Peer 1: 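Once you've had a glance at the structure underneath, I'll fire off some questions.
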Amino acid sequence: MKIRIVAVGKISTILKEAQEHYLQKLRILEIVEVKKQRTKEDEGKKLLEKAKGYIVALDERGREMTSKEFASFLQKHPFITFIIGGADGLSEEVREKSNFLLSLSKFTLQHDIARIVLLEQIYRADQIIKGTPYHRD
Ligand SMILES: C[S@@+](CC[C@H](N)C(=O)[O-])C[C@H]1O[C@@H](n2cnc3c(N)ncnc32)[C@H](O)[C@@H]1O
């Protein structure tokens with residue numbers, strides 16, 4: 001299983017440490033950052049250029065799932081790319097070209113916060129797959 005996160009811009013200083021924490025634990029994961037563009041349509045094209053394999057766009061209007069469902073979902077796809085929109089959100093083209101729209105909750109999250117929530121859920125899913133006590137329910 002290989003996972004790529006494609007996002008707009010560098011993560012803010014206050015969240016960088018959290019990102020590093022999960023990157024060190026998840027060797028199966030890489031983050032590709034594209035430069036902020038003038039419009040979200042241009043940004044969408046740059047994000048899609050970096051997407052590979054099964055494409056999941058993060059969108060509060062997408063489908064929610066439990067952490068266990070997310071773990072099974074990850075296991076089904078050998079290469080998965082998660083796309084996170086910038087401050088203006090995702091273009092229609094990204095929504096149309098993605099295989100799946102995933103919601104992390106009904107809240108609108110700042111895009112760097114969405115990145116950290118996604119990282120923790122990927123780590124949690126990895127622990128569920130490995131059967132460690134990290135996830136208890
Ligand atoms: C600040 S939000 C964009 C809000 C924008 N007004 C919209 O309607 O899409 C930036 C990005 O963070 C991600 N995001 C924010 N909240 C989310 C949520 N609840 N579930 C999934 N992704 C979310 C999405 O990729 C979104 O494009």
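Whatever order the structure lists ligands and atoms in, that order sets their numbers, starting from 1. Remember, predicted model here, so these are calculated numbers, not experimental data.
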Peer 1: How are the rings of F73 and F100 set to each other: parallel, tilted or perpendicular (split at 30° and 60°)?
Peer 2: tilted
Peer 1: Would you please determine whether K106 falls within less than 4.0 Å of ligand 1 on a heavy-atom basis?
Peer 2: no
Peer 1: Under 4.0 angstrom from ligand 1, any heavy atom of L118?
Peer 2: no
Peer 1: Which protein heavy atom lies closest to atom 19 (N) of ligand 1, and at what distance to 0.1 Å?
Peer 2: F107 O, 2.6 Å
Peer 1: Please tell me whether S67 and Q121 have a donor and an acceptor in their side chains that are separated by less than 3.5 angstrom.
Peer 2: yes
Peer 1: Taking it one step at a time, do V6 and I84 satisfy side chain to side chain contact (heavy atoms under 4.5 Å, CB included)?
Peer 2: CA-CA 6 Å; V6 186; I84 305 177; over 6 Å; no
Peer 1: Show me which atoms of ligand 1 lie under 4.0 Å from any heavy atom of L104.
Peer 2: 18 (C), 20 (N), 21 (C)
Peer 1: Do E64 and S103 have side-chain N/O donor and acceptor atoms under 3.5 Å apart?
Peer 2: no
Peer 1: What protein heavy atom sits nearest atom 14 (N) of ligand 1, and how far off is it?
Peer 2: A114 CB, 3.9 Å
Peer 1: With a cut-off of 4.0 Å, which atoms of ligand 1 are near a heavy atom of L102?
Peer 2: 21 (C)
Peer 1: Surrounding NZ of K97 (heavy atoms of other residues, nucleotides or ligands, distance under 6.0 Å), is the total greater than 12?
Peer 2: no
Peer 1: Looking only at protein heavy atoms, identify the closest one to atom 4 (C) of ligand 1 and say how far it is in Å.
Peer 2: T108 CG2, 4.0 Å
Peer 1: Where the closest heavy atom to atom 12 (O) of ligand 1 is concerned, which of E43, E64, H111, R61 has it?
Peer 2: H111
Peer 1: Salt bridge or not between E92 and R95? Use side-chain N to carboxylate O under 4.0 Å.
Peer 2: yes
Peer 1: Please determine if Q110 has a nitrogen or oxygen closer than 3.5 Å to a nitrogen or oxygen of ligand 1.
Peer 2: no
Peer 1: Salt bridge check, E60 against K106: does any charged N sit closer than 4.0 Å to a carboxylate O?
Peer 2: no
Peer 1: Answer yes if a protein heavy atom lies under 4.0 Å from atom 2 (S) of ligand 1, otherwise answer no.
Peer 2: yes
Peer 1: Short list, please: which atoms of ligand 1 are under 4.0 Å from a heavy atom of L90?
Peer 2: 27 (O)
Peer 1: Under 30°, 30 to 60°, or over 60°: which ring-plane class applies to Y134 and Y123, parallel, tilted or perpendicular?
Peer 2: perpendicular
Peer 1: Looking only at heavy atoms, is any part of K40 under 4.0 Å from ligand 1, and if so is it the side chain, the backbone, or both, or is it neither?
Peer 2: neither
Peer 1: Within the structure, does G86 bring an N/O atom to less than 3.5 angstrom of an N/O atom in ligand 1?
Peer 2: no
Peer 1: I want to confirm something. Looking only at heavy atoms, which of L109, V8, L58 is nearest to atom 25 (O) of ligand 1?
Peer 2: L58
Peer 1: Is it true that atom NZ of K2 has more than 12 heavy atoms of other residues, nucleotides or ligands lying nearer than 6.0 Å?
Peer 2: yes
Peer 1: Okay, side chain of D42, backbone of Q37: is any donor-acceptor separation there less than 3.5 Å?
Peer 2: no
Peer 1: So is there a nitrogen or oxygen of G85 less than 3.5 Å from a nitrogen or oxygen in ligand 1?
Peer 2: yes
Peer 1: Would you say G89 and ligand 1 have an N/O pair spaced under 3.5 Å apart?
Peer 2: no
Peer 1: Only heavy atoms of S103, strictly under 4.0 Å: list the atoms of ligand 1 that pass.
Peer 2: 20 (N), 21 (C)
Peer 1: To which protein heavy atom is atom 6 (N) of ligand 1 closest, and what is the distance rounded to 0.1 Å?
Peer 2: D88 O, 4.6 Å
Peer 1: Out of N99, I83, L118, I80, which residue meets the side chain to side chain contact (heavy atoms under 4.5 Å, CB included) rule with V56?
Peer 2: I80
